[in-house]
There are 2 protein chains.
Amino acid sequence: MSAQPAVALEGVSAFAPAVIGRVMRQVSPEEARGSGWASALLISGGVLQIPQDAEIYGEGADAAAFYKVVDGVVRTCKFRSDGRRQIEAFHRKGDVFGFESGDAYRLTAEAVSDCTVIAYRRRGIEQLAATSNTLSQQLFGYFMQEMTRARAHALVLGRRSAVERVGAFLHDAAQRSRDGRTISLAMTRQDIADYLGLTIETVSRTLSQLERDEVIAMPVSRQIRVQDPAWLEDLAA
Amino acid sequence: MSAQPAVALEGVSAFAPAVIGRVMRQVSPEEARGSGWASALLISGGVLQIPQDAEIYGEGADAAAFYKVVDGVVRTCKFRSDGRRQIEAFHRKGDVFGFESGDAYRLTAEAVSDCTVIAYRRRGIEQLAATSNTLSQQLFGYFMQEMTRARAHALVLGRRSAVERVGAFLHDAAQRSRDGRTISLAMTRQDIADYLGLTIETVSRTLSQLERDEVIAMPVSRQIRVQDPAWLEDLAA
DNA sequence: CGATTGCTTGATACCTCTCAACCCAGGTGG
DNA sequence: CCACCTGGGTTGAGAGGTATCAAGCAATCG
């Protein structure tokens, strides 16, 4: 269960899931500063390598930083008392995650695959935003993106049938792929199921059915090619 | 399609459901300026009275304004090609809605009950935010609230059973009520169903079952009293 | 008063969950 | 090299819950 991420030169406290990671690779200054605004907020040593399935931060931990994905995929999720897990979002290269209104994280963030992320200090962000027009707009943009995704996710979950949910997931994934058709999945069927509010079996069955209907091709389970984009488009409408 | 929020004194076109409402009541200056920041953005004549079920703005319309609820309840929703409707959120007194990242609204806003809302100009908001620390923080706060709600809604919809969904809805509604137990519903069963991704019959049956189990009391269909708060609490956990 | 609207309740069909078996690829160890 | 194990994924059979179709009730309205 424990997802001590990682990676400590010396002793990582077993009870401090919030303290994680260390610099393992040097990222270029341009990459870290990203869109220009971030240098003032960049945490020294804030470039983190997170191994697969390791925790980046845990629910309830002090929300002192927010993060930007450089490489890999991150999931933010909630664990219920009955053991079920709801994935709120997958974050890919360029996405920012970990914004919080309160002092503590309300979700857990974990690495779906091996990841590189950059941590930015949260404290002082408002003051900086007030002095810098561009920073303000950048943050606003990231924020909007997060919100738009959250809304879109809620709309998908509001759909009742499994085909519609899986279809929406594929549609979204295809949109973000290079050519708009070829999807390489970093996540397991369980991840997809927990994201869509379905069971792993239903996800598997639905994908198989879509393959039989020649909407998609699935040479291996983690590689999906969309054969009939129009069909997905209609479903999403 | 156009949703000029404002305020036609004469002639409401029968074919322009988007053009609705007009100033019917004078709202005090303090009320309109609200938290102090808003006077600069307040649209002249921007206090609107919206009759029940009227549209405030439509999906696709130019997102020139955002709104604050003074009184009543507003729903933001999406209509699908198959005629189904998904309600993204209910907005109550003090809530702000209509934030958009792009130029057009992605959702439709309608009055669940007779409403009073204030419209604020969106243009120029970034500049203002950059010059005013307090405005920036206020907006940030509203924004965060919206995002937190969207996330919470997605988590509820990720839950599979009808009892859990209805329970979460009741829990939330009770939280916002005066005494934490007595709920006055402004919305119909259909609204609730479209918000929870269920059918009207399932919502009705679930409420009846909860009443039989003495978790709630329902003297009339729009009035619900929570008898067993702990039970709801456990369900929400 | 009949018509309409919002809501509840019943019977049945359908879809997803659950439980279970099985397949496959990769890794390990004898 | 092969037996074995493991984790991820697929598939099957049956149970259970929600959607669907249909009827009926109560309050409101013209």
Of B/Gln190 and B/Arg205, the one whose closest DNA chain C nucleotide lies more 5': B/Gln190
Quickly work out the [X] [atom1] to [N] [atom2] distance and round it to whole Å.
{"X": "B/Gln209", "N": "C/dG10", "atom1": "CD", "atom2": "P", "result": "11 Å"}
{"X": "A/Arg189", "N": "C/dC24", "atom1": "CZ", "atom2": "P", "result": "16 Å"}
{"X": "B/Leu198", "N": "C/dC7", "atom1": "CG", "atom2": "P", "result": "15 Å"}
{"X": "B/Glu164", "N": "D/dT18", "atom1": "CD", "atom2": "C1'", "result": "14 Å"}
{"X": "A/Ile200", "N": "D/dT11", "atom1": "CD1", "atom2": "P", "result": "13 Å"}
{"X": "B/Arg212", "N": "C/dT9", "atom1": "CZ", "atom2": "P", "result": "6 Å"}
{"X": "B/Arg160", "N": "D/dG17", "atom1": "CZ", "atom2": "C1'", "result": "13 Å"}
{"X": "B/Asp53", "N": "C/dT5", "atom1": "CG", "atom2": "C1'", "result": "12 Å"}

Counting side-chain heavy atoms from CB outward, which of [options] is closest to [X]?
{"X": "B/Glu201", "options": "C/dC19, D/dC21, D/dT18", "answer": "D/dC21"}
{"X": "B/Ser208", "options": "C/dC7, C/dT9, D/dT18", "answer": "C/dT9"}
{"X": "A/Thr199", "options": "D/dA19, C/dT18, D/dT10", "answer": "C/dT18"}
{"X": "B/Arg222", "options": "D/dT10, C/dG6, D/dA19", "answer": "C/dG6"}

Parallel, tilted or perpendicular: rings of A/Tyr67 and A/Tyr105 (30°, 60°): tilted
Mutual orientation of the aromatic rings belonging to B/Phe90 and B/Tyr195 [parallel < 30°, tilted 30-60°, perpendicular > 60°]: tilted
Would you mind classifying the nucleic acid contact of [X] as base, sugar-phosphate or nothing, using non-hydrogen atoms under 4.0 angstrom?
{"X": "A/Leu207", "answer": "nothing"}
{"X": "B/Ser204", "answer": "base"}
{"X": "B/Arg165", "answer": "nothing"}

A/Ser184-A/Gln223 side chain donor-acceptor pair, cut-off 3.5 Å: yes
Donor-acceptor contact present, side-chain B/Ser177 to main-chain B/Ala174, <3.5 Å: yes
OP1 or OP2 of D/dT18 under 4.0 Å from side-chain N/O of B/Thr202: no
Value rounded to 0.5 Å, distance of CG in A/Asp95 from CZ in A/Arg149: 4.0 Å
